[in-house]
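Heads up: numbering here begins at 1 and tracks the sequence.
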Amino acid sequence: QKPSGPQPDQHPAPVQLPSCSNPRFPAPAMIFPMRPLSATAAKSAPWIITHTHELPLSADDYWHGILFASDDDAGFAPWHPEIRNIKWAERAPGERRARTVEMSHWFFNLLLMGPVTLAEEFDVWEADGPKKRVGFYFSGLSRPTFLTYEALREEFEVEDVGEGKCRVTRTLAIVPAFLTRYVLGWVVRPMLDQLFTKDCPRRLEEAVKMKVLPLKYKTE
């Protein structure tokens, strides 16, 4: 008799996601499948990149105005221009747990001969209260996995810390393919560290100061 419930690293049950106003399209057909990476398995991934910083925003502002803005691309463009063309896929009416994003970065474009499309499957969605958490694994990408990664997972934790500020922790867990890990790891890993722990946080802090994010800013 098979055990009931989702097993480790298997596709989880659908997660109810909020509706957004921009058009949604299904994932592209030409995509190479990746191994699902659960939150538990991600803790022992060969590469783990994590960064925590505080922003002068509420957790709700960060959640609704940056991570899941009504225009998804507008929420990411000022601080994470490498992410674009965000498209959600509806599996059934009211059921949204998957999306595709296009990743474009000069170094990885050179390495992989152009931008890469990634498919994401959400399995953690905790949007209520002052502490929020979202997690998803990557189920496929538009390049052969033996050239890139066997498995990927990303999580965001957002928590109000008082005085109109929130603390954001972003974690990326990576199971690199043999070529990426043992041949190109000396350059790929530092580039990922630079992007996720330095470039993106710096851009986001600048975007908040310049008030260019899709938020309802308070009048001074």
Side-chain angles (χ1 to χ4, degrees), residues 17-25 49-89 96 98-110 112 114-120 122 124-127 130-136 138 141-142 152-172 174 190-220:
L17 300 184
S19 60
C20 296
S21 59
N22 59 320
R24 309 300 185 187
F25 301 93
I49 300 171
T50 187
H51 182 268
T52 299
H53 63 148
E54 291 188 2
L55 294 168
L57 301 171
S58 69
D60 280 336
D61 281 341
Y62 187 89
W63 188 269
H64 296 292
I66 298 175
L67 282 186
F68 302 105
S70 58
D71 181 346
D72 294 299
D73 290 343
F76 279 88
W79 67 282
H80 208 332
E82 297 83 9
I83 299 295
R84 61 193 188 189
N85 294 333
I86 301 172
K87 299 174 182 178
W88 292 85
R96 292 196 182 108
R99 71 182 181 186
T100 60
V101 301
E102 184 179 287
M103 179 77 174
S104 181
H105 181 278
W106 71 267
F107 172 76
F108 298 106
N109 289 357
L110 182 65
L112 299 171
V116 174
T117 298
L118 301 111
E120 302 171 347
F122 287 74
V124 174
W125 187 271
E126 300 169 4
K131 186 173 183 179
K132 308 177 189 301
R133 177 173 170 242
V134 65
F136 51 90
F138 293 79
L141 75 165
S142 58
L152 290 167
R153 181 178 183 83
E154 191 167 358
E155 291 201 4
F156 288 85
E157 293 184 1
V158 190
E159 181 179 11
D160 282 320
V161 293
E163 300 182 352
K165 297 180 180 180
C166 70
R167 181 182 298 115
V168 180
T169 299
R170 183 184 189 184
T171 302
L172 185 66
I174 305 170
M191 289 296 295
L192 291 171
D193 285 334
Q194 175 69 32
L195 176 61
F196 288 100
T197 68
K198 295 181 175 63
D199 293 345
C200 286
R202 172 183 51 79
R203 292 185 204 138
L204 182 52
E205 291 169 4
E206 292 173 353
V208 171
K209 290 179 181 178
M210 296 176 65
K211 298 184 178 182
V212 295
L213 294 162
L215 300 171
K216 294 181 180 179
Y217 294 100
K218 295 180 180 178
T219 305
E220 299 291 344

Response to the item:
V101 and I86 have their tightest heavy-atom pair at CG1-CG1, 3.8 Å
Worksheet item: With sequence neighbours left out, what residues match E206 under side-chain contact (heavy atoms from CB on, under 4.5 Å)?
Response: R202
Practice prompt. Just jot down the ring pair (Phe, Tyr, Trp, His ring centres under 6.0 Å) partners of H105, sequence neighbours excluded, or say none.
Written response: F108
Discussion item. Quick check: closest heavy atoms across G65 and P214, and the distance to 0.1 Å?
Written reply: O-CG, 3.1 Å
Fill in: Minimum side-chain heavy-atom gap I174-L192 below 4.5 Å
yes
Response to the item:
Shortest non-hydrogen pair, D160 vs A59, comes out as OD1-N, 2.7 Å
Worksheet item: Roughly how far, to the nearest 0.5 Å, is CG of L152 from CD of E120?
Response: 9.5 Å
Fill in: side-chain contact (heavy atoms from CB on, under 4.5 Å) against A77, all qualifying residues, sequence neighbours excluded
none
Discussion item. To the closest 0.5 Å, what do you measure between CG (L215) and NE2 (H64)?
Written reply: 11.5 Å
Item to complete: Please identify each residue that fulfils ring pair (Phe, Tyr, Trp, His ring centres under 6.0 Å) with F138, with sequence neighbours left out.
Response: F136
Item to complete: Could you grab the distance from atom CD1 of I49 to atom CG of L195, nearest 0.5 Å is fine?
Response: 8.5 Å
Fill in: Criterion side-chain contact (heavy atoms from CB on, under 4.5 Å) on V158 and V134, from CA distance to verdict
CA-CA 9 Å; V158 190; V134 65; over 6 Å; no
Tabulate below the donor-acceptor pairs under 3.5 Å that side-chain atoms of residues 50-58 make, not counting sequence neighbours, or state none.
{"residue": "T50", "atom": "OG1", "partner": "R170", "partner atom": "O", "Å": "3.4"}
{"residue": "T50", "atom": "OG1", "partner": "T171", "partner atom": "OG1", "Å": "3.1"}
{"residue": "H51", "atom": "NE2", "partner": "T197", "partner atom": "O", "Å": "3.4"}
{"residue": "T52", "atom": "OG1", "partner": "T169", "partner atom": "OG1", "Å": "2.8"}
{"residue": "H53", "atom": "ND1", "partner": "E205", "partner atom": "OE2", "Å": "3.2"}
{"residue": "E54", "atom": "OE2", "partner": "R167", "partner atom": "NH2", "Å": "3.3"}
{"residue": "S58", "atom": "OG", "partner": "D61", "partner atom": "N", "Å": "3.0"}
{"residue": "S58", "atom": "OG", "partner": "D61", "partner atom": "OD2", "Å": "3.4"}

Worksheet item: Under 3.5 Å, side chain of R203 to main-chain N/O of W79, donor-acceptor pair present?
Response: yes
Discussion item. As an exercise, state the distance from CH2 of W88 to CZ of F122, rounded to the nearest 0.5 Å.
Written reply: 4.0 Å
Worksheet entry | Set of ring pair (Phe, Tyr, Trp, His ring centres under 6.0 Å) partners for Y62, sequence neighbours left out | none
Worksheet item: To the nearest 0.5 Å, how far apart are CG in N85 and CZ in R99?
Response: 12.5 Å
Discussion item. Ignoring hydrogens, what is the shortest heavy-atom contact between F76 and L67? Give both atom names and the distance.
Written reply: CE1-O, 3.7 Å
Response to the item:
Test side-chain contact (heavy atoms from CB on, under 4.5 Å), reference M103, set L118, T117, L141, L112, output is L118
Item to complete: Not counting sequence neighbours, which residues clear side-chain contact (heavy atoms from CB on, under 4.5 Å) with R84? List them please.
Response: E102, S104, P115
Worksheet entry | Gap separating the CH2 atom of W125 from the CZ atom of F68, nearest 0.5 angstrom | 3.5 Å
Fill in: All side chain to side chain donor-acceptor pair (under 3.5 Å) counterparts of E155, not counting sequence neighbours
R133, R153
